[in-house]
Student: 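Questions regarding the structure given below will be posed in turn.
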Amino acid sequence: MDAVIALWTELPVVIQIVMKIVAIMLPLMLLVAYYTYAERKIIGYMQVRMGPNRVGFFGMRLWGLGQPIADAVKLMFKEIIIPTGASKTLFLIAPMLTIGPALAAWAVFPFDAGLVLADVNAGLLYILAMTSLGVYGVIIAGWASNSKYAFLGSIRSAAQIISYEIAMGFALVGVLVAAGSLNLGDIVNAQQGSVFHWFWLPLLPLFLVYFISGVAETNRAPFDVAEGESEIVAGFHVEYSGMTFAVFFLAEYANMILISALSALMFMGGWLSPLPQNWVDGVFLLDDGFQWLLLKTFAFMFLFLWFRATFPRYRYDQIMRLGWKVFIPITIVWIVVVSVMRVAEMPWWFN
Amino acid sequence: MSFEKFLFYVFAAILVFAAVMVITRKNPVHSALFLVLAFFNSAGLWMLAEAEFLAIALVLVYVGAVMVLFLFVVMMLDINIAELRAGFVRNAPVAILVAIAMVIELVIVVGPQRFGLDEVAAPAAKPAGYSNTEELGLALFTQHLYAFEIAAVILLVGIVAAIGLTMRRRPDTKSQDPSRQVTVKAKDRLRVIKMDAEEKA
């Protein structure tokens, strides 16, 4: 063990950072691949179907576990079609602009106490800035495709993402006031105590607004009017094929995982254990640790799939009404309430 | 050359390149996207100056919101480039005069004679735990509270004015009101009438 650590510290800093990035990206990409599989399987069971169950490994079916790998290989070898009259450079840059911020946001994400790639003071702001950049990929894709449907999808999406970003930002202001820090690690530490110390309780309206806005921000059902198959075919990515389409697809799922993980971190106590501290102190797997963060993130990821299987698509004017006339007023009122609680040093949370 | 200096020149070079592209591209969407690139690189420069709050706020506000709305409008405009070109030659002499005047003024105010290590001493590096955001917040909410609040009120007036200017009553639209839709009872829409059976003639 000491030899490994010695070897690690010998490495140049750049290599160390690259290896850390790979250590985050590889499991994330694997999770994205199997999230698509989980989605098809879970929605399948919810609709009394089997879901994918043919592709396995080495001649065994294994409940269709080989499906994401087969899909990836298929998409990689498909032709990338660039429509006539498309703005070629922008058409190819758009998918990269979508996935870039979705992955970059993980740089400040703490996975356990002290286990973070970049422990920056303004982590929350950085996350907010990165999630606000994802919209460029969608807008540019729609415009560069030189297609009416793609353009309509991107216009819808841009308006929607900007509207919900405000509600999301305000919800995070509430978290910032409650925790008194922009550092994500400090935000989790501020929730220490028990399940009732986690921010979901004092910030309940903000928590609900944040997660629902997160669903809208990632263009997922029931807010997926940017795709709207029944109205505008497939929205902004209608002209994309092969790997360029796959990148949009990956970015969408990476964003869903990010929103789930952030909800777990900021409102559900992150890596803190829900069990009383004196029971679990030092007990393997029950004590605070990464496994709890993972469990909470999976719970939120499941909610995304559940929503998709349950709710019909919102009408566009109702999406706008919900964002501007319901969510933003709720968040503004609750920021005032949280500030008062904070100044009054309300027992349990803020004393 | 230290690594910071190298980064500075990289960011600065891309910034200048992007800024030139903004004013030379024919397609307004390309110009807007180069402006985004320019904002991004100036955020990088601010990050190098240890002003991380300003850097992230620039990305968040200008790149994440303002430029998206800008693109939104520019993409939907149908700009006739030939028409724009026609005005260019006619207005060029005035534009050149204005540009020269501005360059001279800028050089007088912020020319090279005002900068350099002998004019302004390099600020000392901040300790590891230093939070730029916290310092900025403390300064804004104590020393500069009135200026901060006046700016906030001016912005609010701007929002109210913009909404007031663009809002118009349109009685002929057939928009639906969801809260009225859900409160509708069958009785409001449907009337059951009792009547005698009609006899066949």
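Residue numbers begin at 1 in each chain, while the letters A, B, ... track the order of the sequences. Since we're looking at a predicted model, the values are computed, not measured.
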Student: Can you find a heavy atom in the side chain of A:Tyr240 that is under 4.5 Å from one in the side chain of A:Phe91?
Tutor: yes
Student: Using only non-hydrogen atoms and a strict under-4.5 angstrom cutoff, which residues of residues 140-151 of chain A touch chain B?
Tutor: A:Ile140, A:Trp143, A:Phe151
Student: For A:Leu128, which atoms come within 4.5 Å of any heavy atom of chain B: side chain, backbone, both, or neither?
Tutor: both
Student: Locate the shortest heavy-atom distance separating A:Val215 from A:Pro222; write the atom from each residue and the value.
Tutor: CG1-CD, 4.3 Å
Student: Using 0.5 Å steps for rounding, measure from the CD1 atom of B:Ile56 to the CG atom of A:Leu124.
Tutor: 10.0 Å
Student: Is any side-chain heavy atom of B:Thr133 closer than 4.5 Å to one of B:Glu52?
Tutor: yes
Student: Tell me the residues of residues 130-139 of chain A whose non-hydrogen atoms fall below 4.5 Å from those of chain B, in number order.
Tutor: A:Ser132, A:Leu133, A:Val135, A:Tyr136, A:Ile139
Student: What distance do B:Thr24 atom OG1 and B:His30 atom NE2 have between them, rounded to the nearest 0.5 Å?
Tutor: 12.0 Å
Student: Give, for atom CG of B:Asp188 and atom OG1 of B:Thr183, the distance between the pair rounded to the nearest 0.5 Å.
Tutor: 8.0 Å
Student: Please report the interatomic distance OH(A:Tyr164) to OG1(A:Thr218), rounded to the nearest 0.5 Å.
Tutor: 11.5 Å
Student: Under 4.5 Å heavy-atom distance to chain A, tell me which part of B:Leu33 shows up: side chain, backbone, both or neither.
Tutor: side chain
Student: Taking the side chain from A:Ser157 and the backbone from A:Gly153, do they hold a donor-acceptor pair closer than 3.5 Å?
Tutor: no
Student: Residues two or more places apart in sequence or in another chain: which of them pass ring pair (Phe, Tyr, Trp, His ring centres under 6.0 Å) with B:Phe141?
Tutor: B:Phe148
Student: Using non-hydrogen atoms and a 4.5 Å limit, figure out which bit of A:Ser87 sits close to chain B: side chain, backbone, both or neither.
Tutor: side chain
Student: Do A:Asn255 side-chain atoms and A:Glu252 backbone N/O form a donor-acceptor pair below 3.5 Å?
Tutor: no
Student: Relative to chain A, which segment of B:Val61 carries a heavy atom at a distance below 4.5 Å: side chain, backbone, both, or neither?
Tutor: neither
Student: Check each atom of A:Ile162 against the heavy atoms of chain B and say whether the ones under 4.5 Å are side chain, backbone, both or neither.
Tutor: side chain
Student: Which ring pair (Phe, Tyr, Trp, His ring centres under 6.0 Å) pairs, counting each pair once, include a residue from residues 37-62 of chain B, with sequence neighbours left out?
Tutor: B:Phe39-B:Tyr62
Student: If you count heavy-atom pairs within less than 4.5 Å of chain B, which of A:Leu90, A:Asp317, A:Ile161 leads?
Tutor: A:Leu90
Student: Any heavy-atom pair between the side chains of A:Leu322 and A:Phe223 that's under 4.5 Å?
Tutor: yes
